[in-house]
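Scroll down for the structure; my scribbles are underneath it.
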Amino acid sequence: MSIGFNQLDHRVQRWVHRQKWKNLRDIQEQAIGPILKEGSDVVISASTASGKTEAFFLPACTKIADQDEGFGILYLSPLKALINDQYRRLEGLCEMLDMNVVPWHGDISQARRNKAKKNPSGIILMTPESLEARLIKDMGWVRRAFSFLRYIVIDEFHAFVGTERGQQLTSLMNRLDALAQDRDLPIPRVALSATLGNINDTPALLRQNYNMPCEIIQGKGESELQLVVKGYYDLPGAQRLNENALQDLYAICRGGSHLVFANSRGNTEDIAARASDLCENNFVPNEFFPHHGSLSRELREFLEKRLQKEDLPTTAVCTMTLELGIDIGKVDSVIQVTPPHSVASLRQRMGRSGRRGTPSVLRMLIPEDKISHISSPGDKLRLRLLQSIAIIRLYIVEKWYEPAESSHFHFSTLVHQILALIAQWGGARAAQIFDQLCDKGSFGNVTIPDFKKILTHMGKKELIQQMHNGELVLGIEGERLVNNYNFYTVFNTPEEYRVVNNEKTIGSLPTESLVTKGQHIIFAGRRWKVNDVDEEKKTVYVNLSKGGVPPKFIGDPIPLHQKIRDEMYKIFNTGDYRIDIGGSKVDFLDSSARNLFKEGLEYFNKHDLSRNKIINENGYVYLVLWASDKIVKTLQMIFGSKGYEVSSFHGIIEIKNVDRHKIENLLKNPSILMGEWTNAKLSSIIGVRHIEKYDEYVPDDLLINSYGNRYFDVKATKHFLEQLYV
DNA sequence: AAGGGCTTCGATAGCT
């Protein structure tokens, strides 16, 4: 083997030999030096199943091999399922080293935790929430157990970036550093990630106060890809996937191992159930199963295990629950039904396909409505197809994907961390809290006046109170929040019904889905009749039955990035979507998708949409701007504030009963149209701004600000309009 | 008329 390999502990080397690896992969080789040196943070970025985990653990375990006191490695993961996977993968290596490894999350038994608690050593695998709980409940133990900690490693780091949980995560790491103040250097942080929008920004996201260098290790590019986009004609207003597409999907998947991404839980359920029906009609055993966040853990694990069995044909119809690195092996192909929402998630999904030596295969099935008198310009432009093509081109040609939005304020999480810090220490001074959370912490964009405002407000709401000596302690309401076990999570959890069949929980439904007794529903890929709804116990009882449609699942908006709309416009403007490979143009649309594209392009040209921005049809003025959803939302609010009846769909703004010239004049005079509006002003005319878990404890003016910056962008809109007619 | 995801948590009572 290599020089790097020789630096590994001989027991680690023996483990590598036993895996029958001929040599270490490139990233594994590269990681050895920086990890062993312990003098820097490290980012390891490579595709799924590229050996990232080993790239970290081989050298890290070498380093802590002979340390028998205290945990040497803290592994943090966004998913319990991932912790269980990693535990299984680490067991062999750790046995070889006679090293402890302990999984620690909400589903791990008390007995197991107590054992680890008495004798902390080796590797601990945790969720951020579990670490939060330990810090609050037993800081003394954490201080002792982690006093010889050598590394903190975060798996699927990209899943945290820009989110409330990400803020909590970095805050937790800072709080660990603060507990270990006698160390010369802070504890090295290692991020493992598949997709990082802009990798050079990652070090700053991993550690805010930046008193540690950071090494970046990047895996080689993607492997070969095969790809086809298939188009379908739907009846106008069709709600469910059309029969032809379903038949194709069945024919593609039957007998193999595939992942079908269908965007919504409702679609996922519908497709899984109807593909199962096809199996039944064809007298073959069912091989189609749904996988999403509302299904019980048992059902999900059953499917994950089944996917690992290579000889058993299995198709998972899934949402993003199968995007992250849960161990399911590689599949023959990925099928995307209806357009993806982002390049980043398409990339993530593609990482699931491509067995050893074979290219990854992507098929997109994109239905569009047959044109009728109710068709909107969005239908006529075939925007679903166009969006699919644009995302593919950005992925393959531009090799671009959305960077995570890391500029949000997340005041809700700040409130949470203030409470957590006070609870952890029993009390703290305002200056200390600011120093740790804001100045040196993950809330660096919060100013001192804003921080003071938040503390004052928290006092008013009895979350905290000030002692005579100036120290802050929990107030009555603060005690109530912190002592609820729901406190450790920083994100919102909607109220749900349990769905029960024969005393077994098969999943949960949001209470907003409003299921009623006697209703027939599709759930967990099967058809049921609702026998009873127990409002008290929040339980829905179901029995197997026939017929039915999926219940309503309610989701949040997923805004489309400006770059995707730019690409969509560019494709129609040039009239060519094909990809240039080695000087020849490669077409990846089937004949009906090509037809759909042609129809869209004809409509684009008919209305001269490379110059013209307005279509006047069916009593509406449609603004076809090719702007990001954020800009569209901003404009929609502004037109709304002027009294127009306005809505938007697929990025096209629709205004009812208005003269097109009036609107055109406004678009041509951005400064008049935009007036004195700011993000905050727009946000202040919205009724309810509570989005995140503890927003109700955030002062209103701060909330107006953060809500405004999240959903609107007046500056970008102004800039966009200034470029519109030049 | 029409579109959309996911994650997680402790202690104890009361039972086998």
Side-chain angles (χ1 to χ4, degrees), chain A residues 76-83 104-110 113-114 117 126-138 155-156 158-160 162-166 168-169 234-239 261-268 291-295 297 300 318-324 326 338-342 344-345 348-349 367-369 372-379 383-384 387 416 420 423 481-494 496 508 510 552-560 617-620 622 629 632 647-652 654 656 693:
Chain A
L76 292 168
S77 154
L79 298 178
K80 291 184 285 191
L82 209 53
I83 288 179
W104 186 301
H105 57 67
D107 300 339
I108 300 296
S109 76
Q110 204 69 36
R113 293 192 214 183
N114 283 336
K117 219 165 163 179
M126 284 183 128
T127 57
E129 289 77 11
S130 286
L131 178 57
E132 180 74 82
R134 279 305 92 214
L135 271 169
I136 289 175
K137 296 258 164 197
D138 203 349
D155 208 351
E156 304 283 359
H158 63 274
F160 286 111
T163 69
E164 298 152 271
R165 273 182 112 193
Q168 181 188 27
L169 174 82
D234 263 350
L235 291 177
Q239 297 282 328
F261 290 94
N263 288 347
S264 70
R265 281 169 289 185
N267 257 339
T268 301
H291 193 287
H292 58 76
S294 298
L295 294 174
R297 184 156 50 95
R300 284 158 68 170
C318 55
T319 59
M320 58 177 290
T321 46
L322 285 182
E323 255 179 47
L324 287 185
I326 299 170
T338 66
H341 302 299
S342 71
S345 86
Q348 203 60 27
R349 291 168 185 188
E368 289 278 7
D369 284 2
S372 76
H373 65 285
I374 62 162
S375 300
S376 67
D379 292 321
L383 287 184
R384 294 176 194 86
Q387 180 179 324
H416 177 273
L481 287 184
V482 171
N483 289 327
N484 188 318
Y485 90 115
N486 182 37
F487 178 71
Y488 310 111
T489 56
V490 294
F491 52 88
N492 251 325
T493 44
E496 289 177 326
S508 58
K552 280 240 171 299
F553 293 94
I554 289 135
D556 299 326
I558 303 171
L560 214 67
E617 265 182 17
N618 319 324
Y620 282 93
Y622 295 98
D629 280 348
V632 166
S647 58
S648 73
F649 194 64
H650 282 302
I652 295 180
E654 313 173 340
K656 215 172 178 176
K693 192 172 175 188

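Given the structure is predicted, the values throughout are model-derived calculations rather than measurements. Labels below follow one simple rule: chain letters A, B, ... track the order of the sequence lines, proteins then strands, and each chain is numbered from 1.
- Applying the side chain to side chain contact (heavy atoms under 4.5 Å, CB included) test to A:Ser294 and every residue at least two apart in sequence or in another chain returns A:Arg265, A:His292, A:Ser508, A:Phe553.
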Next on the checklist: Applying side-chain hydrogen bond (donor to acceptor under 3.5 Å, both in side chains) to A:Ser647 and A:Glu654, what does each step give before you reach the verdict?
Outcome noted: CA-CA 5 Å; A:Ser647 58; A:Glu654 313 173 340; 3.2 Å; yes
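- The minimum heavy-atom distance between A:Glu323 and A:Ser345, with the atom names listed, is OE2-CB, 3.5 Å.
- The interatomic distance linking A:Glu654 (CD) with B:dG3 (C1') rounds to 12 Å, in whole Å.
- Atom C1' of nucleotide B:dG3 and atom CG of A:Leu383 are separated by 13 Å, given to the nearest angstrom.
- Within 4.0 Å of A:Ser648, counting heavy atoms only, lies at least one base atom of the nucleic acid.
- Contact between A:Arg113 and A:Asp107 at its shortest, heavy atoms only, is NH2-N, 4.5 Å.
- Remark: the backbone N or O of A:Leu324 is not paired with any side-chain donor or acceptor of A:Gln348 at under 3.5 angstrom.
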Checklist outcome for this item: The contact string for nucleotides 4-12 of chain B, one letter per nucleotide 5' to 3', using protein heavy atoms under 4.0 Å with B, S and - for base, sugar-phosphate only and none, comes out as BBBBBBBS-
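- Counting non-hydrogen atoms under 4.0 angstrom, A:Thr163 reaches nothing in the nucleic acid.
- The shortest non-hydrogen separation linking A:Gly293 to A:Thr319 is N-OG1, 4.3 Å.
- Residue contacts shown for A:Gln239 are limited to sugar-phosphate atoms, with no base heavy atom under 4.0 Å away.
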For nucleotides 13-16 of chain B, which of its nitrogen or oxygen atoms have a protein nitrogen or oxygen under 3.5 Å away, and what is each distance?
none

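- Among the protein residues, A:Tyr620 comes within range of the nucleic acid bases, having at least one heavy atom under 4.0 Å from a base atom.
- Nearest approach of A:Ala262 to A:Thr338, heavy atoms of both residues: O-OG1, 4.1 Å.
- Between A:Thr127 and A:His105, the side chains place no donor N or O within less than 3.5 Å of an acceptor N or O (distance only, hydrogens not considered).
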